[in-house]
Structure formats: C-alpha cells, structure tokens
Amino acid sequence: MAVLTPRSEDFPRWYQDVIAKAELADNGPVRGSMVIRPYGYAIWERMQADVDARIKAAGAVNAYFPLFIPESYLRREAQHVEGFSPELAVVTHGGGKELEEPVVVRPTSETVIGEYMAKWTQSYRDLPLLLNQWANVVRWELRPRLFLRTSEFLWQEGHTAHADQADAAAYARRIALEVYQDFMVSTLALPVFVGRKTRKERFAGAINTLTCEGMMGDGKALQMATSHELGQNFARAFDIDYLGADGARHLAWTTSWGSSTRMVGGLIMAHGDDAGLRIPPRLAATQVVVLPVRDDEKVVAAAAQITAELKAAGVRASLDARPGLSFGRRVTDWELKGVPVRVEIGPRDLAAGNTTLARRDTGEKSTVPLSEAAGRVQALLDDVQDSLYQQALALRDSRTTDVTSLDEAVEAAATGFARLPWRLVGEDGEARLAAEALTVRCIQNPDGTLPDGTDDADDLVCLVARSY
RNA sequence: CGGGACGUGGCGCAGUUUGGUAGCGCACCAGACUGGGGGUCUGGGGGUCGCAGGUUCAAAUCCUGUCGUCCCGACCA
C-alpha cells in the first residue's frame, strides 16, 4: 500500500498525490483557482526571498501597481491585446452599476506600468528605470493544474526602461542569467536550458523572449521563467520618451521579466520521487527534522537538545515529538514533505551516545556520535544540495538527444528533449512539431549558451520537447 | 464550442440493472495498549444521495427537466 501513486505508473496522478499529501495546496472554490497551504506557501516565501535579493542586486526596486487596468490600455499595443484577450477576466460592474469602461484584472502589467513610466521618464538622467513588483495576476485558464497553470497565480514581474536597445538587451539577458538561471541552479538545484524563444513562442508584444527551460521527472519541459526585450513597442504605445543629452526627444527601450508560483510545480516534478517531495537544503524552510523514536522522557530531552544545538549552529531545524504518532508515521510524513535531513534518536542510540542521520535524497542513513551531530549535519546538507543537482543534471543529460532531422526529433521528444540545428526546423518545422504536441522550447548557441540578439545565425541549435 | 463520463459524510467508492427508508475504506473524535519505516483494539461523531418536479403505499434507485464537475480536440507564467 504505497502512500503515493508511483511516478512510473501515472505521473500526473503522482503529482496531485504529492500536493495533497505534502499539504502544499488545494483547489479553490472557483475552477482554476488555488489555495496555497502553509507548507506550500513557505516554499514560495523562500523562493521569493531569494529571487527578490537577486533582483535587488541587479539594481531593480520594488513598487506596486493596481490590480485593475482600463481595458483601453490593453488595446494600445496590438500584439499584446491579441495575445491576452482570450484569457482576460473583465469586470463590467462595480458599486452596483455597469461601468462606463470595463476594467480588466491584470494578466500582466506592461500597460499600466508603461503609462507611469512615461510620466516618470523625462530625461536621459531618469534612465534606466528598473522596477519590479510582487503581485497576483489572472489569466483565465481552460486546463488548470495546481501551481503549473491556474487562473490566478503569484509572481514577480520586472519592468524596465532604457535609453538604448543595447542597454535593454543586456539587462534582459542579465536577468535571465544572473537572477533566474543562477537561482535555479544554486538554490533550486535545477539545471535549466537558457535560450531564446522562437518568433512563434514569444511573449505578446516582445521582440525577443529569453527563457529558462527545466526538465521534469517525466522528460517534459517546463518554462520556469522568462525575460523579454520589448523593443520600442510599449514605449511607442505609452509615449515612454525622454530628452537626451543631445537635446532631442528619444523613445525608450523597455524590458519585462517574470517568475511565478509555477516554480513550485517545477520543484515538485524535477526533484520529487516515489516517497514524495525532495527540497534542496538551500531552499528548505525546514532543513532538518529531529525525531525521537519513542515517546520517552530521556529520548525526547536528547532530541530537544540536538534541535537546539542545530539551531544555534544556524541550521533551520525543528523537533517532531508529536505523541500518539508512531515513529514510522512521522518518518513518512517528513519524507512526503521533502525535508532534506532527518536526525533520529532512540533508546539504542542514546545508550551508545549516538544519533542516526538520514538523508532524503538517497535514503542513506549513518550513525554518528551525538557530540558530532551538528557539524555532520552541516556537511550533509551541502552534500544533499549538490547531489540533487547532480541527479537532475544526470536525468536531463540522459534524456537529451542530439538528432539531425525532424523525424528523429519527434521520436526523441517522446521521452525527453531533442536537440537539432534550428535551420532544420524553422517556422514550417514548428507547425509540423505542433501536430505532434511538441514545441521548440528554445534556441541556443551550439555550446549551449544564450545567443545574442535575434538573428537566425546558421549554426544555432534548438531544443524540442513536450511541455507543461 | 464539438465528442465521452460522472454527481452518494472531508477524500475515494459500493449500492441504481430487479424501488423497501444508506453502507465500505481512509480521514476525524475518545480511551487503552504501543512506538527503530504509514501500529492494534474498543467505542463514537458526521450524509436534505447535485437541484427541481413527477410516478408510487414507498425513490439514491424509475421518468422529465435543470445545474455542476471531470476527461478528449484551438491559446498560455
């Protein structure tokens, strides 16, 4: 009687089981809405704190813009409104009356922020203007999946204005690499392919979209974050211009970039196993749980002491001495929740002056003297962080196949990613792939780095996969 | 919007064919024994059977209508 549906049997079902059993989220009352439970929200808060610090390190500052946007704003940028219209939630009534102009619930904030950027940008001295906001957005979804695709989700959206295209392009690139990729690699222990989206897959209104694509446990791709060069499209629509040093008026160049609660879904699917979630130590709100094996005064006292020592050493540790729950039950609970390391202590350990350390990533256990426990735990946490990354990387490498034709790509993408020269695909190829439920996830340089600009140089490669 | 299924305690389901006054597993509550990988036992609480009509002595079950949900085909962090 397994706790969860095995991943190999039914991956989507496994995903839902993990969310329910680890108490991450529930469906909301309105179809497509999501209730994020405390344990799931704690994961998001840790992600937020880390991403927020990186955004600030990149020079952007936080602000807040309204949830309601005049419908007319959306219309000002043709591609933008075309891209978002089908998924807009529109408010037609307020205060008991029909509104003269409907307002939309923001699906993203380029338009309102553009309006204010235009006010705030007078001189070249006001640039670059680097803004970010943490907010909820609404995109009415027909096929909701908790964390991955819900009608309302939480995210961070950055919006910047620059004096010239090169500066805007460099910033969009910097965000993709230094904020998103580095966060995913260093904190989420998740390797990502960073590349450029095809013209077809671009954000509505962008001239270039950069993406971080992760591989999930079933070989499907998940777009984990995106960074867009918006060219002068929004600057033109919202009159974001400035007086240059040359005394002439110039149109600004803008960017936008976002990462969302979808990353929680990526975390689950990239690292989870048949026993539940596996949270990388650097992300985990609880890094270590200390479990007394029996409800015995001495054992519990020893467990409490280890917990205190760990905390004093800077480890995020907690004690689980809940009476009435068997040891096995508590172990299973924390495995489901993905806590990286367990410290177990029972009468036998105590008599020998030992404690048992168990790592979540491999299940491996070791016995160490009580006096050394705190120090060993620190080292173990570093090990788990590294090992989760290596496991995710090994999976991705083993399921990424270099191919030389579209037919081979279709075959390889049945189980993972196919990499092939972009010139073999092109827009016609994309249409053919779409018929097989496949998409070009991103375009890269042959060495896997992010291409500069948007030119279709001859040697570019692309990654093709099924995706969420 | 086109095709398929389903609505029965919190969750998952049986019961519907052949009407007889609602049951199982998990979860929950109380107590006891337990505790080195989802423990056992005893007792207990909780359901207008989606909704509205109708047929009948009697409806979860039959009839009509209605609402909702889920799955499959065009977009998306």
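As a basis for the values below, the full set of heavy atoms in this structure was taken, side chains included, without hydrogen atoms, waters or symmetry mates. These numbers were taken from a predicted model, which means no experiment stands behind them. Residue numbers start from 1 in every chain, and the chains themselves are labelled A, B, ... in the order their sequence lines are given, proteins ahead of strands.
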Interface polar pairs with nucleotides 70-74 of chain B, N/O, under 3.5 angstrom:
{"residue": "B/C70", "atom": "OP1", "partner": "A/R31", "partner atom": "NH1", "Å": "2.6"}
{"residue": "B/C70", "atom": "OP2", "partner": "A/R31", "partner atom": "NH1", "Å": "2.5"}
{"residue": "B/C72", "atom": "OP2", "partner": "A/R143", "partner atom": "NH1", "Å": "3.4"}

If pairing means Watson-Crick or G-U wobble with both distances under 3.5 Å, then the partner of B/A22 is none

Tell me the partner of B/G43, counting only Watson-Crick (N1-N3 plus N6-O4 or O6-N4) or G-U wobble (N1-O2 and O6-N3) with both under 3.5 Å; none if nothing fits. B/C29

Applying the ring-ring contact (aromatic ring centres under 6.0 Å, His included) test to A/F84, which of A/Y73, A/F203, A/W140 qualifies? A/F203

Any base atoms under 4.0 Å from A/E141, or only sugar-phosphate, or nothing? Heavy atoms, all strands. base

Ion pair present between A/D273 and A/R360, side-chain N to carboxylate O less than 4.0 angstrom? yes

Distance, P atom - from B/C49 to B/A22, rounded to whole angstrom: 11 Å

Nearest-Å distance, CD (A/Q79) to P (B/C76)? 12 Å

Should the pair A/R432-A/D407 be classified as a salt bridge under the 4.0 Å nitrogen-to-oxygen rule? yes

Expressed as a whole number of Å, how far does the C1' atom of B/U16 sit from that of B/C62? 10 Å

Return the nucleotide paired to B/G2: Watson-Crick means purine N1 to pyrimidine N3 with N6-O4 or O6-N4, wobble means G-U with N1-O2 and O6-N3, both under 3.5 Å. B/C72

Indicate, with a heavy-atom threshold strictly under 4.0 Å, whether A/G258 touches base, sugar-phosphate, or nothing. nothing

Using a distance-only test with no angle check, is there a side-chain donor-acceptor pair under 3.5 angstrom linking A/R441 and A/S467? yes

Separation of B/G12 P from A/N27 CG (nearest whole Å): 11 Å

Return the value, rounded to whole Å, for the distance between atom CG of A/D296 and atom C1' of B/U34. 13 Å

Pairing check on B/A59: which nucleotide meets the Watson-Crick or G-U wobble criteria with it, both distances under 3.5 Å? none

Spacing of the C1' atoms in B/C67 and B/G23 (rounded, Å): 27 Å

Between A/R199 and A/E427, does any side-chain N to carboxylate O distance fall below 4.0 Å? yes

Taking the side chain of A/W155 as its heavy atoms from C-beta onward, which of B/A77, B/C76, B/G36 lies nearest to it? B/A77

Between the protein and nucleotides 24-31 of chain B, which nitrogen or oxygen pairs come in under 3.5 angstrom?
none

When all nucleic acid strands are considered with a 4.0 Å heavy-atom cut-off, which category describes A/T150: base, sugar-phosphate, or nothing? base

Does a side-chain N or O from A/R294 land closer than 4.0 Å to OP1 or OP2 of B/G35, or not? yes

Measure from the side-chain heavy atoms of A/S326 and tell me the nearest of B/G35, B/A77, B/G39. B/G39

Would A/F327 count as stacking on B/G36 if stacking means ring centres less than 5.5 angstrom apart and planes tilted under 30 degrees? no

Using the C1' atom as the point on both nucleotides, what is the distance between B/C41 and B/A5, in whole Å? 42 Å

Cation-pi check, A/R139 to A/W155: give yes when NZ or CZ is under 6.0 Å from the six-membered ring centre and within 45° of the ring axis, no otherwise. yes

For nucleotides B/U61 and B/G54, find the distance between their P atoms and express it as a whole number of Å. 14 Å

Which listed nucleotide (B/G35, B/G39, B/G36) is nearest to the side chain of A/T356? B/G36

Using the P atom as the point on both nucleotides, what is the distance between B/C1 and B/A59, in whole Å? 36 Å

Using atom C1' of each nucleotide, how far apart are B/G2 and B/G19 to the nearest Å? 37 Å

Choosing from B/C76, B/G35, B/G36, which nucleotide comes nearest the side chain of A/R330? B/G35

Sugar-phosphate, base or nothing in reach of A/K365, heavy atoms under 4.0 Å: base

Taking a pair to mean Watson-Crick or G-U wobble geometry with both distances below 3.5 Å, B/U16 pairs with none

Tell me if the CZ atom of A/F11 is crowded by more than 12 foreign heavy atoms within 6.0 Å. yes

Pairs: protein N or O with nucleotides 2-6 of chain B N or O, under 3.5 Å:
none

Hey, is CD on A/E45 packed in by over 12 heavy atoms from elsewhere, all under 6.0 Å? yes

Spacing between A/H159 atom NE2 and B/A77 atom P, to the nearest angstrom: 14 Å

Need one value for A/P347: base, sugar-phosphate or nothing, where a base atom within 4.0 Å counts as base even if backbone is also close, heavy atoms only. base

Please give, in whole Å, the distance from B/G36 C1' to A/R342 CZ? 11 Å

With a sphere of 6.0 Å drawn around CD of A/E411, does it hold more than 12 non-hydrogen atoms of other residues, nucleotides or ligands? no

By nearest-heavy-atom nucleotide on RNA chain B, the more 5' of A/V293 and A/R262 is A/V293

Hey, mind stepping through A/K337 and A/D333 against salt bridge (Lys or Arg N to Asp or Glu O under 4.0 Å) and telling me if it holds? CA-CA 6 Å; A/K337 292 191 171 175; A/D333 272 357; over 6 Å; no

Test: A/E229 and A/R202 ion pair at under 4.0 Å: no

How about A/F65 and A/H159: are their ring centres within less than 6.0 Å of each other? no

Distance-only side-chain donor-acceptor flag, A/D349 / A/N354, under 3.5 Å: no

Is there a donor and acceptor pair closer than 3.5 Å between the side chain of A/R139 and the base of B/C76? no

Nearest whole angstrom, please: distance from the C1' of B/C76 to the CZ of A/F147. 19 Å

Would you indicate whether A/R322, at its atom CZ, is surrounded by more than 12 heavy atoms from other residues, nucleotides or ligands within a distance under 6.0 Å? yes

Side-chain H-bond candidate by donor/acceptor type, A/S387 with A/Q391, under 3.5 Å: yes

Pick the P atom in B/G35 and in B/G43, then give their distance to the nearest Å. 24 Å

Identify whether any heavy atom of A/R145 sits under 4.0 Å from a base atom; if not, whether one sits that close to sugar-phosphate; answer base, sugar-phosphate or nothing. nothing

Which whole-number value in Å describes the distance from A/I345 CD1 to B/G35 P? 18 Å

Send over the distance from A/E201 CD to B/C75 C1', rounded to a whole Å. 10 Å

